[in-house]
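A short worksheet on the structure shown next.
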Amino acid sequence: KSNYRFINWDQRDRDLSQAIRVAALKWHEENAFRKPTITVLCQIIPELKGRLSSLDQMPLCRTVLSEISGRRSKKAV
């Protein structure tokens with residue numbers, strides 16, 4: 001049986017996507033208005049790296065990351 005049955009993915013998605021936005025904006029302002037890479041964001045938000053494989057269950061995070069990176073999401077919301 002899966003241990004993921006009890007995870008509130010919607011809340012996790014909202015919390016992590018907000019953390020990504022805040023970290024990206026702060027990094028952007030502190031680094032001559034360059035865009036942060038996903039690698040940089042993973043360094044700032046350690047839990048993000050472990051969640052990258054779960055982006056299908058976190059559409060807000062997927063959208064935020066695609067906006068920041070300037071790439072289109074494979075699964076547009």
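Just so it is clear, the model here is predicted, and its values are computed rather than measured.
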Quick one: pull up [atom1] in [X] and [atom2] in [Y] and give me the separation to the nearest 0.5 Å.
X	Y	atom1	atom2	result
Arg51	Gln57	CZ	CD	10.5 Å
Leu55	Leu60	CG	CG	11.0 Å
Ile38	Ser69	CD1	OG	5.0 Å
Arg12	Ser17	CZ	OG	13.0 Å
Leu41	Ile20	CG	CD1	7.0 Å

Considering only heavy atoms from C-beta outward, does the side chain of [X] approach that of [Y] to under 4.5 Å?
X	Y	answer
Val64	Leu16	no
Ile44	Pro36	no
Asp13	Arg62	no

Side chain to side chain contact (heavy atoms under 4.5 Å, CB included) involving Glu29 - partner list, sequence neighbours excluded | Leu25, Phe33
Closest heavy-atom pair and its distance - Ala19, Ile45 | O-CD1, 3.5 Å
If you take all heavy atoms of Lys35 and Glu67, which pair is closest and at what distance?
-> NZ-O, 4.5 Å
Hydrophobic cluster membership, Ile68 vs Leu52, 4.5 Å side-chain cutoff | yes
Are Val40 and Val22 connected in a single hydrophobic cluster, I mean Ile/Leu/Val/Met/Phe/Trp/Tyr linked by side-chain heavy atoms less than 4.5 Å apart?
-> no
Salt bridge (charged side-chain N to carboxylate O under 4.0 Å, His left out) against Arg14, all qualifying residues, sequence neighbours excluded | none
Check: Asn31 side chain, Trp27 main-chain N or O, donor-acceptor pair, under 3.5 Å = yes
